[in-house]
Amino acid sequence: MIPAANLATLLLNSATRHPDRPGLVRGDRTWTWSELAANVRSAAAGLRAAGVRHGDRVLVHGRNGPALVESMFATWMLGATWVPTNVRLTPPEIAWLAQSSGATTHLFEPGYEAHAEAARDANPACRLELDLGPGWEALHGHAPLDHPADVLPDHPAWFFYTSGTTGRPKAGILTHGQMGFVVVNHLNDLMPGTTEQDASLVVAPLSHGAGVHALTQVAAGAASILTESDRLDPAEAWRLIERHRVTNLFTVPTILNTLARHEAAAPHGLRYVIYAGAPMYRADQVHALQTLGPVLVQYFGLGEVTGAITVLPPRLHGVDDDPALPIGSCGHARTGMDVAVLAPDGVRRASGETGEIVVRGPAVFAGYHDNPEATARALRHGWFHTGDLGHMDPRGFLWITGRESDMFISGGSNVYPREVEEALLLHPAIAEACVLGLPHAKWGEAGVAVLVLAPGHDLPDLRAHLAPFLARYKHPHHAVVWPELPKSGYGKVVKRDIRARLEADGLVLT
C-alpha cells in the first residue's frame, strides 16, 4: 500500500508557503507558521528522545493554547496517535480515557495534577509523563526533525472520543487517509475560497470538532484566533472578530444563538458561520440571519464521520419560509459521501419514509479502538449507522426527526421530541425547550417539557399554543420550568442529565 500524506505536512506546507504570516494568535502574542513548525519539529524530536515511538498513543489534557496545537502535530510527526481530552472532564473520566486508549504518553497542563494522578493509576501502559507547561517548552531546545514519519492511509492519527450519551465514551479511530479527505471536503463544502488571507475564531475545545475545523485552517494557511477566556465570553468574541477581521468560525447552535443575541453582534467581515452538533431552532436561525447576514452554514455529522455527512450552505438558508428552500432540513450529502435512510433490516426507505440515517464514504472512521462489537454494530449492512432518525425528500435533502434513543411511544403512537421542541420555541415566552418521554400508567409513555423562559415571561398555555401545530397526542403531558438546561462541554443539551434530575425530583406522570 502506498503511504498517505502525514497530516503533519499540512503545517509544514503552510510554513513553507507563508512563513511570516500569523498561524496562531492569543491575546497580544502571535505565532507565525514558521515559528509553529519549528516548535513542532523540535518537540517531536524531544518526544522521540524520551521514547515516543511510531504507533504509540499520546494522551493530551490541556486547554486551548499553542502547546495543545503543537502536541497534535508533534505526535503526528512521529507517526503516533493523538488522544486529546476535554478539560471539563473529571479525574475518573480522564482515568477511563487513559486506560481505554492504552496511551504510552501522558501530557497534562499544570493545574490538573489530580487528573494526571488518576490517569497514571488507571493506565499501566503509560511510560512517559510530561507537563504541557515548562516541560513542553523545554522540548523546543531539541534539534528539529526534518520530515514526518511515513504513515499508511489507515494509520490511526486521532482517537476521537464520543460524547458518551450511552455508556462510557468510545474511541473512534480517525486515520491519516480519512482525515486528509475530510480536510479537503471541509474546505470545499463548508468554507470554499478560504486562503491565508482569512482568519478563524476558536470558541470551542480543540479536543473535538473545533480541532478538526482548526486543521482545515492550517491547510489553507488561515490564522486561528484563540480566546483568552476559558469559557465563552460573547463580548470578547465580538472584539476579536472585529480586531482580527475574522472571516469564519465553527460552533454549535446554543453558542451561535448566544453570540447572535449579544448586543455587540454584527456582520463585520464574517463569511462563514458554521454550526453543527444539532439542528438549529428555526426562531434562533432567523434571528442569526437577520443579525449576521447570509453567512450560516449547517453541517450534520458525528465524530465517527468527522462531521462529513450533509451540508446546508448559505444560499439554502433564508429568513422567509420560502418553499423553494429546504427550511428545516440539514442539507444534502457532502461531496464524495453517500447518505441513505434505512429500515431496521437494512433496506433503503423510500423518499419521505422515516428510518435510521446512515452514511458511507471516505470520511467514515476505521472503527472503535479495542471494541469490535461496537464497531460491528455501527458498520452493519455496509453503512455507518448514526442513531439519528429522519427522512430524505425527493430533492435529496435530509430531514432529522430525532435520535433513535429519544423517540418515545405514547398510546401506541411515535413521538419525536425534536418536532415538539420546535413548536414550543415558536412561542416568544420560551427561550429553550427539551422534551423527553417518561413512564405513564395509562399511555405507556408521555412527554415532559423542560423549559427555560425568556426574561419577564410567565409559563404560557402550552396546549393552546401547540394546538395549531401538533396533534394532541404529541403535546407534553407535563411541563417544568428551570433557570437553565444542563449542557455538555461542547454546548449540547444533555438529555440523560435532565432525565436523571427529573427522576431524582420524583416526578411521576399519572
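Quick caveat: nothing in here was measured; it's all calculated off a predicted structure.
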>> Whether the side chain of Ser14 engages the backbone of Leu11 through a donor-acceptor N/O pair (distance < 3.5 Å, no angle test) should be reported.
In response: no

TODO: For the pair Ser34 (side chain) and Pro19 (backbone), establish whether a donor and an acceptor sit closer than 3.5 Å, ignoring hydrogens and angles.
DONE: yes

Fill in: Pair His147, Arg41: side-chain N/O donor-acceptor within cut-off below 3.5 Å
no

salt_bridge(Asp198, Arg271) N-O dist < 4.0 Å: yes

dist Cys330:SG -> Leu312:CG (nearest 0.5 Å) comes out at 8.0 Å

For this session: For Thr9 and Ala5, indicate whether the former's side chain and the latter's backbone hold a donor-acceptor pair under 3.5 Å.
Result: no

Contacts of Asp146 meeting side-chain hydrogen bond (donor to acceptor under 3.5 Å, both in side chains) (sequence neighbours excluded), chain-then-number -> none

* Asked: Looking only at atom types and distance, does a side-chain atom of Thr216 sit under 3.5 Å from a main-chain N or O of His213, one as donor and one as acceptor?
  -> yes

- Query: Do Trp158 and Thr81 get their side chains close enough for a donor-acceptor pair, meaning under 3.5 Å?
  - Reply: no

Rounding to 0.5 Å, atoms CG (Leu130) and OG1 (Thr105) come to a distance of 9.0 Å

query = Within the side chain of Arg349, is there an N or O that forms a donor-acceptor pair under 3.5 Å with the backbone of Thr354?
reply = yes

Of Leu398, Val305, Leu302, the one forming a side-chain contact (heavy atoms from CB on, under 4.5 Å) with Val359 is Val305

Asp28 atom CG, over 12 foreign heavy atoms within 6.0 Å
no

Correct closest heavy-atom pair for Asn86 and His61 would be O-CE1, 3.6 Å

request  = Please report the C-alpha distance between Arg127 and Asp56 in whole Å, then the side-chain angles of each, then the deciding distance to 0.1 Å, and finally whether the salt bridge (Lys or Arg N to Asp or Glu O under 4.0 Å) criterion is met.
outcome  = CA-CA 11 Å; Arg127 58 177 186 263; Asp56 282 353; 2.5 Å; yes

### Task
For His54 and Asp150, test the side chains for any donor-to-acceptor distance below 3.5 angstrom and give the result as yes or no.
no

| message | Using salt bridge (Lys or Arg N to Asp or Glu O under 4.0 Å), reason through Glu356 and Arg380 one step at a time and then give a plain yes or no. | response | CA-CA 12 Å; Glu356 185 178 5; Arg380 64 191 184 278; 3.4 Å; yes

Q | Arg21 to Trp33 six-membered ring, cation-pi geometry met (6.0 Å, 45°) | A | no

- Kindly indicate, with the supporting measurements, whether the criterion salt bridge (Lys or Arg N to Asp or Glu O under 4.0 Å) is fulfilled by Asp370 and Arg57. CA-CA 13 Å; Asp370 200 24; Arg57 295 159 209 136; over 6 Å; no

d(Leu379 CG, His385 NE2) to nearest 0.5 Å is 8.0 Å

Taking every heavy atom of Pro91 against every heavy atom of Ala118, the minimum-distance pair comes out as O-CB, 3.5 Å

For the CZ atom on Arg48, are there more than 12 heavy atoms of other groups (residues, nucleotides or ligands in this structure) within a distance under 6.0 Å?
no

Requested in this report: For His369 and Gly102, indicate whether the former's side chain and the latter's backbone hold a donor-acceptor pair under 3.5 Å.
Outcome: no

I'd like to check Val52 versus Val58 (side-chain heavy atoms, cut-off strictly below 4.5 Å). Are they in contact? yes

inquiry  = Quick one, His140 with Glu70, criterion side-chain hydrogen bond (donor to acceptor under 3.5 Å, both in side chains). Give me CA distance, side-chain angles, the key distance, then yes/no.
reply    = CA-CA 11 Å; His140 294 164; Glu70 291 175 10; 2.9 Å; yes

Open item on the list: Checking Asn248 against Ser200: is there a side-chain donor and acceptor pair closer than 3.5 Å?
Closed with: yes

query: Looking only at side chains, do Asn123 and Gln99 share a donor and an acceptor under 3.5 Å apart?
result: no

- Task: Classify the side-chain pair His317/Gln298 by whether it contains a donor and acceptor separated by less than 3.5 Å.
- Result: no

Q | Within-4.5 Å side-chain heavy-atom neighbours: Leu270 and Ile241 | A | yes

Q) Okay, side chain of Ser42, backbone of Gly141: is any donor-acceptor separation there less than 3.5 Å? A) no

>> Is it the case that the side chain of Asn6 and the backbone of Pro148 share a donor-acceptor pair, with hydrogens and angles ignored and the cut-off at 3.5 Å?
In response: no

Quick check on the 6.0 Å ring-centre criterion: do Tyr299 and Tyr275 meet it? no

Between Trp136 and Ala67 the two heavy atoms that sit nearest each other are CD1-CB, 4.0 Å

Test His186 against Arg334 for side-chain hydrogen bond (donor to acceptor under 3.5 Å, both in side chains), laying out the working first. CA-CA 9 Å; His186 271 33; Arg334 295 281 287 273; 2.8 Å; yes

(Q) Any donor-acceptor pair under 3.5 Å linking the side-chain atoms of His155 with those of Thr175? (A) no

Test your reading of the model: is there a side-chain donor-acceptor pair from Arg120 to the backbone of His115, 3.5 Å cut-off?
no

(message) Let's go through Phe384 and Phe365 carefully: what are the C-alpha distance in whole Å and the side-chain angles of both, what is the deciding distance for ring-ring contact (aromatic ring centres under 6.0 Å, His included) to 0.1 Å, and is it a yes or a no?
(response) CA-CA 9 Å; Phe384 172 73; Phe365 76 150; 5.6 Å; yes

* Asked: Do the side chains of Leu97 and Glu93 get nearer than 4.5 Å, heavy atoms only?
  -> no

message = Regarding Thr335 and Asp189, do their side chains bring together a donor and an acceptor under 3.5 Å, going by distance alone?
response = yes

Regarding Tyr368 and Thr162, do their side chains bring together a donor and an acceptor under 3.5 Å, going by distance alone? no

d(Met191 CE, Leu187 CG) to nearest 0.5 Å is 6.0 Å

Have Gln178 and Thr306 got a donor and an acceptor in their side chains that come within less than 3.5 Å? yes

side-chain hydrogen bond (donor to acceptor under 3.5 Å, both in side chains) pairs touching residues 222-242, sequence neighbours excluded, are Arg63-Asp230

- Counting N and O atoms only, with roles assigned by atom type, does the side chain of Glu113 sit under 3.5 Å from a partner on the main chain of Gly111, one being a donor and the other an acceptor? yes

In short, Pro253 meets Ala276 closest at the heavy-atom pair CD-O, 3.2 Å

Q. Can you say whether the rings of Trp76 and Phe73 are parallel (under 30°), tilted (30 to 60°) or perpendicular (over 60°)?
A. perpendicular

Measure the shortest side-chain to side-chain distance between Met179 and Leu215 over non-hydrogen atoms and say whether it is less than 4.5 angstrom.
yes

Heavy atoms of other groups near Arg245 CZ, more than 12 under 6.0 Å: no

Value for CG (Leu24) from CD1 (Ile225), rounded to nearest 0.5 Å, stands at 8.0 Å

Minimal heavy-atom distance between Ala237 and Leu259, with the atoms involved, is CB-CD2, 3.8 Å

Compute whether any side-chain donor of one residue and acceptor of the other, for His176 and Asp154, lie under 3.5 angstrom apart. no

Ala44 meets the side-chain contact (heavy atoms from CB on, under 4.5 Å) criterion, sequence neighbours left out, with Ala74, Met77, Leu78, Leu145

In terms of heavy-atom contacts, Pro205 and Ala210 come closest through O-CB, 3.3 Å

Interatomic distance, CD1@Ile309 vs NE2@His332, rounded to 0.5 Å, equals 14.0 Å

Check: Should the pair His208 and Phe160 be assigned to parallel (<30°), tilted (30 to 60°) or perpendicular (>60°) ring geometry?
Finding: tilted

